[in-house]
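Shown next, in structure tokens, is the structure this report addresses.
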Amino acid sequence: MVYKTSCLLLLPLALIFLDFIIISSLAKPIPTTFINVLTYGARPDGSTDSTKAFLAAWQVACASVNPTTIIVPKGRFLVGNLVFQGKKCTDAPISIRIAGSMIAPEDYRIVASSEQWIWFESVTDVSIYGGILDAQGSSLWNCKKNGGSYCPTGAKSLLFSGSNNININGLTSINSQKFHIVINSCNNVNIDGVKVSAAADSPNTDGIHIQASHLVSITNSRIGTGDDCISIGPGSTHVSIQGIQCGPGHGISIGSLGIAEDEQGVENVTVSNVDFTATSNGVRIKTWAKNSKSFARNIVFQHINMKMVKNPIIIDQHYCFYKPCPNQDSGVEVSNVRYEDIHGTSSTDVAVKLDCSKEKPCNGIVMDNVNLALQLVNRPAQASCNNANGLANDVVIPITPCLKRDILMT
């Protein structure tokens, strides 16, 4: 009798739960709102200023309680400085689908009056799909190369700052005045299938720069610039870089680090499946030769091909860009760096250069299955070591004298 009574009491609860399941399965998905920038006055003719139209479309998307997609159709849209502010937005996701191109004014001074051309500040759940950003930066490069005393620093083409859950997919950025894509103080960022292009001699045109950001993934991208293909600045952690074609450019760099004494460090970075072609560096860690509490640790470089690379593997703890250079030892601590399955050719005699700090030597350097040869020259490449300690496992060519052979491998 007690068993039957309990079953009767549970039956209404079971029916309620069943109704909930049925109602949930029949619930309609949240509708997506579509906004076309043409509606707000944008013109795809490459000459009409569409800045206000893009900002108006963003304001509507920002206020929407439903997911919103901003449509940028085919054509060339001239836009000046754009600031997409997210502090007052709802929590609904915003997607921007670009079929055409967004171009900066030909007069570089208009965009260079700000430090960034297109800026997303404090946004959440924003995605960009496709499209071309053309900053038309060549006239500013020429100004700098000709020694113009009134040349502005230039603007970054695309900046995300203080933002979360960002996706950039299939975007092309060309001819940036300065850095192409910058991720600063952001969390959970995915960049996939982007193309970045600028002339090999264009100054300071890093492809993708990451700073003070966490959980950043960059995959399946092709980058050729006048500076670093990808650079990782202070305060960045848990960065994954995979499937990159780099060249021309200065390679993939961690740093520069240590320009400020109390600067944050970089840790937990993996760079994998990268092809470097005719770059000035391959995988590089660069730190300033001055006092610092910064660090670079838990770094993995693996499954990498080098072709005619000037400095395939380099740790440079005497980096200097601004003159006069400080004549000190770097305080940045470099530790637990692994180089695995790295092959190819060097365009200079020294294929491996570990130039570490006397004050804080590099520790925990491990090389495993590294084979680098000179390009088109019948003699072996060389390695240079200063103040570095670690292990050499399996085949390591060129022989790196500061790294001990792993006894278990002999």
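- Using a 4.5 Å cut-off on side-chain heavy atoms (C-beta onward), Phe179 and Thr225 make no contact.
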Subject >> Test log, rule side chain to side chain contact (heavy atoms under 4.5 Å, CB included), inputs Ile313 and Phe301 >> reply: CA-CA 10 Å; Ile313 294 175; Phe301 300 110; over 6 Å; no

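- Ring geometry for Phe120 against Phe84 counts as tilted: the plane angle lies between 30° and 60°, on a 0 to 90° scale.
- Two residues are said to be in side-chain contact when any heavy atoms from C-beta on lie closer than 4.5 Å; Thr51 and Leu82 meet this criterion.
- Side chains of Thr287 and Gln317: a donor on one and an acceptor on the other come within 3.5 Å.
- Defined by atom type and a distance below 3.5 Å, a donor-acceptor pair is missing between the side-chain atoms of Asn273 and His303.
- Taking 4.5 Å as the limit, some side-chain heavy atom of Asn389 sits within range of a side-chain heavy atom of Pro361.
- Side chain to side chain, Arg76 and Ser101 fail the donor-acceptor criterion of an N or O pair below 3.5 Å.
- The shortest non-hydrogen separation linking Ala381 to Ala351 is CB-CB, 3.8 Å.
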Subject >> Check against side chain to side chain contact (heavy atoms under 4.5 Å, CB included), Leu171 and Leu158 >> reply: CA-CA 11 Å; Leu171 178 70; Leu158 177 63; 3.7 Å; yes

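- For the pair Ala212 and His214, the tightest heavy-atom approach, listed with the atom from each and the gap, is O-NE2, 4.1 Å.
- When every heavy atom of Ser357 is checked against every heavy atom of Ser330, the shortest pair comes out as OG-O, 2.6 Å.
- When all heavy atoms are compared, the tightest approach of Phe160 to Val126 is CE2-CG1, 4.2 Å.
- Between the side chains of His180 and Ser157, no donor-acceptor pair of N or O atoms lies under 3.5 Å.
- Side-chain contact between Gln85 and Ser122 is present, with heavy atoms from C-beta onward closer than 4.5 Å.
- Contact record, Thr90 with Ala63: CG2-O, 3.6 Å, taken as the closest heavy-atom pair.
- Taking the side chain as every heavy atom from C-beta outward, Leu78 and Ser50 never approach each other to under 4.5 Å.
- Around NZ of Lys353, the count of heavy atoms belonging to other residues, nucleotides or ligands within 6.0 Å does not exceed 12.
- Counting heavy atoms from C-beta on, the side chains of Ile210 and Ile218 come closer than 4.5 Å.
- Atom NZ of Lys290 has more than 12 heavy atoms from other residues, nucleotides or ligands within 6.0 Å.
- Contact record, Val194 with Ile191: CG1-CG2, 3.5 Å, taken as the closest heavy-atom pair.
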**OP:** Go through the steps for Ser253 and Arg284 under the test side-chain hydrogen bond (donor to acceptor under 3.5 Å, both in side chains), then give the verdict.
**Re:** CA-CA 5 Å; Ser253 296; Arg284 174 169 62 159; 3.0 Å; yes

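- A donor and an acceptor atom, one from each side chain of His343 and Asn369, are located under 3.5 Å apart.
- For Glu115, the CD atom counts as loosely surrounded, since its 6.0 Å shell holds 12 or fewer non-hydrogen atoms of other residues, nucleotides or ligands.
- With contacts defined as side-chain heavy-atom distances shorter than 4.5 Å, the pair Ser294/Val332 qualifies.
- Residue-environment remark: NZ (Lys195) stays at or below the threshold of 12 foreign heavy atoms within 6.0 Å.
- Surrounding NZ of Lys358 are at most 12 heavy atoms belonging to other residues, nucleotides or ligands under 6.0 Å away.
- The only option from Asn188, Ile166, Val189, Asn187 that meets the side-chain contact (heavy atoms from CB on, under 4.5 Å) definition with Val216 turns out to be Val189.
- Within 6.0 Å of CG in Asp201 there are more than 12 heavy atoms belonging to other residues, nucleotides or ligands.
- In this structure, Glu263 and Leu257 have side chains that are in contact, with non-hydrogen atoms separated by less than 4.5 Å.
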Original post:
What do the steps show when you test Glu359 against Asn291 for side chain to side chain contact (heavy atoms under 4.5 Å, CB included), and what is the final call?
Top reply: CA-CA 10 Å; Glu359 178 184 334; Asn291 293 330; 4.2 Å; yes

